[in-house]
Amino acid sequence: MIRTRFAPSPTGMLHIGGVRTALYSWLYAKRHGGVFILRIEDTDRERSTDEATRVILEGMEWLGLHADEGPFYQSQRMERYREVLEQLLAQGHAYRCYCTKEELDAMRVRQLEAKQKPRYDGTCRHRTEPRPGVDPVIRFKNPLEGVVVVEDEIHGNVRFDNAELDDLIIARSDGSPTYNFCVVVDDMDMNITHVIRGDDHLNNTPRQINMLLALGARPPRYAHVPMILGADGAKLSKRHGAVSVLQYRDDGYLPEALLNYLVRLGWSHGDQEIFTLEEMIRLFDIKDVNKSASTFNPDKLLWLNQQHIMRSTPEHLVKHLKPQLAALGIDVDDDAKLAAVAKSQQERAKTLKEMAQNSVFFFREPAAYDEKAAKKHLTQDSLTPLQEAAERLAGLTSWTAQSIHETIQSLATELSLALGKVAQPIRVAVSGGSVSPPIDVTLEVLGRQTTLERLRRAIDFIAANQQ
RNA sequence: GCUCCCAUCGUCUAGAGGCCUAGGACACAGCCCUCUCAAGGCUGCGACGAGGGUUCGAAUCCCUCUGGGAGCGCCA
């Protein structure tokens with residue numbers, strides 16, 4: 001049974017880099033009928049925040065990356081870590097180190113100056129007596145010789161010399177366990193079979209393998225996925241506008257579109273660009289993931305969002321459109337009308353937010369006409385077409401896009417006008433601007449009464465402007 | 001500095017020795033379609049980092065260099 005996990009730490013906002021790792025882990029588990037686990041790595045009580053935890057939980061929920069087990073919190077497993085710490089100490093795989101921070105800092109400076117890699121020199125390895133006045137940390141006794149081979153699903157075999165590694169701290173002087181140690185204990189206890197994470201962790205892996213081995217556990221399979229870089233080529237962070245994943249929700253992105261974008265960053269299936277969630281699960285394989293880092297491209301995400309909007313059912317769009325309309329102060333319960341609006345707009349909106357903004361006129365009379373649009377289309381010349389249109393539309397027996405279209409079309413023909421000369425004034429009259437779905441569809445969705453009211457108002461507007 | 005990773009259009013990628021005058025997508029430009037905006041169609045622009053090998057033949061294999069990234073915390 002395949003068991004994967006996503007283990008974010010709530011010290012920063014969950015951003016797209018994290019989401020992609022989560023997605024890969026989730027897809028891998030789903031693809032193989034395995035289990036996906038969510039684990040919150042909050043051992044750093046200083047920097048962890050409830051807000052960040054909330055974003056992780058809410059983000060995963062919004063994306064639909066549901067965990068089969070968890071969320072587990074490392075902060076609630078302290079007892080277990082202490083137990084394993086004791087075990088390591090008792091077995092001689094770990095020792096107490098009484099070197100002070102000041103001594104360690106000095107050592108680091110010295111090594112850096114000597115152009116060496118900064119690392120702990122093992123001073124306390126053989127210390128038998130405590131040092132008065134110093135609360136010791138606990139270090140893992142890393143093997144001094146030999147090599148560790150990380151058999152990575154993406155990078156292949158990566159070899160590390162134990163001589164390059166030092167004895168890392170696994171418990172702070174206050175007794176609390178550190179990240180690299182907790183990860184090892186958790187992955188072991190939770191029977192994780194595949195660790196899928198960012199390749200910034202590749203360097204930590206040999207130490208983790210050594211600890212696993214010391215604990216008598218069998219290391220999991222590893223897959224270090226390439227990172228997502230900012231436009232400047234550096235690791236994604238706040239200064240790249242690496243915003244919370246929830247920002248994408250608020251900006252009107254469909255979760256499946258974001259997932260689609262992310263899955264294609266570092267992975268591909270021939271020339272296919274658009275994937276449904278089902279296709280991702282069926283086609284994704286960790287072995288097909290690229291080795292090289294990639295750069296986030298907002299334009300392509302936007303395009304994919306539009307593609308997914310176009311392919312969605314109106315009903316699905318309604319679910320995501322409602323909050324966007326609500327943000328504009330429009331609370332509508334008429335799902336049928338909302339669906340009709342979504343359907344009319346889905347081919348011309350890149351985001352749901354944009355769709356909402358462009359759909360306000362369906363629910364609320366425009367406060368004012370767009371100045372340029374009014375100047376161009378609500379003119380003396382359009383008075384007759386508008387009046388005629390109002391009259392004929394008022395007399396229609398059935399209010400459908402087709403009958404409306406025929407009415408406007410024949411009106412234009414009779415007046416020897418291009419269709420645009422009739423349609424545009426009507427568009428401005430009912431929507432307030434020069435952009436909307438096809439005029440027949442727009443009027444149909446708007447309804448006869450509202451249409452006639454707004455035509456009337458536009459006619460009055462032109463008349464008033466004349467004087 | 002040391003260790004590790006990576007290297008095809010501006011960006012995401014296809015390519016696993018001959019199918020490559022390197023394909024697709026986003027973006028950009030032009031044209032077509034058209035009641036607006038879109039969508040769609042067509043065309044254009046545009047890349048194998050450099051140098052050595054191996055081979056009849058290399059984007060594909062090997063080496064060196066260069067460039068980029070990551071790690072080297074009592075952060076995760």
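Every chain is numbered from 1 and lettered A, B, ... according to where its sequence line falls, protein lines coming before strand lines.
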**Item:** Under 5.5 Å and under 30°: A:His201 stacked on B:A76
**Value:** yes
**Request:** For B:U60 versus B:C26, give the span between their C1' atoms, rounded off to a whole number of Å.
**Result:** 26 Å
**Prompt:** What distance, rounded to whole Å, do you find between the two P atoms, one in B:C37 and one in B:G30?
**Reply:** 15 Å
**Item:** Residues A:Lys300, A:Glu273: salt bridge by 4.0 Å N-O rule
**Value:** yes
**Message:** Pick the closest RNA chain B nucleotide for A:Arg45 and for A:Leu301 by heavy atoms, then say which residue is nearer the 5' end.
**Reply:** A:Leu301
**Item:** Geometric cation-pi criterion, A:Arg457 with A:Tyr369: 6.0 Å, 45°
**Value:** yes
**A:Ile170 CD1 - B:G73 P separation (whole Å)** = 16 Å
**Request:** Quick one: label A:Val158 by what it contacts on the DNA or RNA (base, sugar-phosphate, nothing), any heavy atom closer than 4.0 Å.
**Result:** sugar-phosphate
**B:C56 pairs with, by Watson-Crick or G-U criteria that keep both distances under 3.5 Å** = B:G18
**Item:** Identity of whatever pairs with B:A50 - Watson-Crick or G-U, under 3.5 angstrom
**Value:** B:U64
**Item:** Complement of B:C42, any strand, by Watson-Crick or G-U distances under 3.5 angstrom
**Value:** B:G30
**Fill in**
Nucleotide by nucleotide, nucleotides 10-17 of chain B touches protein heavy atoms under 4.0 Å in the pattern (B base, S sugar-phosphate only, - none) -BBSS---
**Asked** Which comes earlier along RNA chain B counting from the 5' end, the contact point of A:Pro136 or that of A:Ile154, where each point is its nearest nucleotide?
**Response** A:Ile154
**Request:** Give the intermediate values and the outcome of ring-ring contact (aromatic ring centres under 6.0 Å, His included) for residues A:Phe284 and A:Tyr24.
**Result:** CA-CA 8 Å; A:Phe284 180 80; A:Tyr24 283 4; 4.8 Å; yes
**Message:** Tell me which nucleotide, if any, is Watson-Crick or G-U wobble paired with B:G1 when both distances must be under 3.5 Å.
**Reply:** B:C72
**Prompt:** Within the structure shown, what part of the strands sits under 4.0 Å from A:Lys115 by heavy-atom distance: base, sugar-phosphate, or nothing?
**Reply:** sugar-phosphate
**Message:** Please report the distance separating the P of B:C42 from the corresponding atom of B:G24, rounded so that it comes out in whole Å.
**Reply:** 11 Å
**Asked** Can you check the A:Asp167 CG to B:G73 C1' distance for me, whole Å?
**Response** 15 Å
**Asked** For the residue pair A:Trp303 and A:Tyr261, is the inter-centroid distance of their aromatic rings smaller than 6.0 Å?
**Response** no
**Asked** Looking across every strand, which nucleic acid part, if any, lies under 4.0 Å from A:Ser176 by heavy atom: base, sugar-phosphate, or nothing?
**Response** nothing
**Request:** Applying side chain to side chain contact (heavy atoms under 4.5 Å, CB included), name anything that partners A:Gln409, two or more places apart in sequence or on another chain.
**Result:** A:His405, A:Thr413, A:Leu419
**Message:** So A:Arg119, base contact, sugar-phosphate only, or nothing? Heavy-atom distance under 4.0 Å.
**Reply:** nothing
**Request:** Indicate, with a heavy-atom threshold strictly under 4.0 Å, whether A:Asn180 touches base, sugar-phosphate, or nothing.
**Result:** base
**Request:** Mind calculating the distance between CG (A:Asp200) and C1' (B:A76) to the nearest angstrom?
**Result:** 10 Å
Could you list all N or O pairs between the protein and nucleotides 35-42 of chain B that sit under 3.5 Å apart?
unit_1	atom_1	unit_2	atom_2	d
B:C35	O2	A:Arg427	NH1	3.1
B:C35	O2	A:Arg427	NH2	3.0
B:C35	N3	A:Ile439	N	3.3
B:U36	O4'	A:Gln424	OE1	3.0
B:U36	O4'	A:Gln424	NE2	3.4
B:U36	O2'	A:Ser434	O	2.7
B:U36	N1	A:Arg427	NH1	3.3
B:U36	O2	A:Arg427	NE	3.4
B:U36	O2	A:Ser436	N	2.9
B:U36	O2	A:Ser436	O	3.0
B:U36	N3	A:Arg427	NH2	3.2
B:U36	N3	A:Ser436	O	2.6
B:U36	O4	A:Pro438	N	3.2
B:C37	O2	A:Arg348	NH1	2.8
B:C37	N3	A:Arg348	NH1	2.5
B:A38	O2'	A:Glu347	O	2.4
B:A39	OP1	A:Gln306	OE1	3.4
B:G40	OP1	A:Gln307	NE2	3.4

**Item:** Separation between the C1' atoms of B:U3 and B:C61, rounded to whole Å
**Value:** 26 Å
**Whole-Å distance separating the CZ atom of A:Arg108 from the P atom of B:U3** = 19 Å
**Message:** For the C1' atoms, the ones on B:U11 and on B:A16, what distance do you get once it is rounded to whole angstrom?
**Reply:** 24 Å
**Message:** Please determine whether any donor N or O and acceptor N or O are separated by less than 3.5 Å between the side chain of A:Ser173 and the base of B:C74.
**Reply:** yes
**Prompt:** Does the distance from a Lys or Arg side-chain N to an Asp or Glu carboxylate O, for A:Arg110 and A:Glu113, drop under 4.0 Å?
**Reply:** no
**Message:** Whether A:Arg39 and A:Asp187 form a salt bridge (side-chain N of Lys/Arg under 4.0 Å from carboxylate O of Asp/Glu) is what I want to check.
**Reply:** yes
**Message:** Mind checking if A:Glu164 touches a base, just sugar-phosphate, or nothing, with heavy atoms under 4.0 Å?
**Reply:** sugar-phosphate
**Prompt:** Expressed as a whole number of Å, how far does the C1' atom of B:G17 sit from that of B:A58?
**Reply:** 6 Å
**Item:** Rounded distance in Å between the C1' positions of B:G51 and B:C4
**Value:** 25 Å
**Pairwise P distance, B:U8 and B:A50 [rounded to whole Å]** = 12 Å
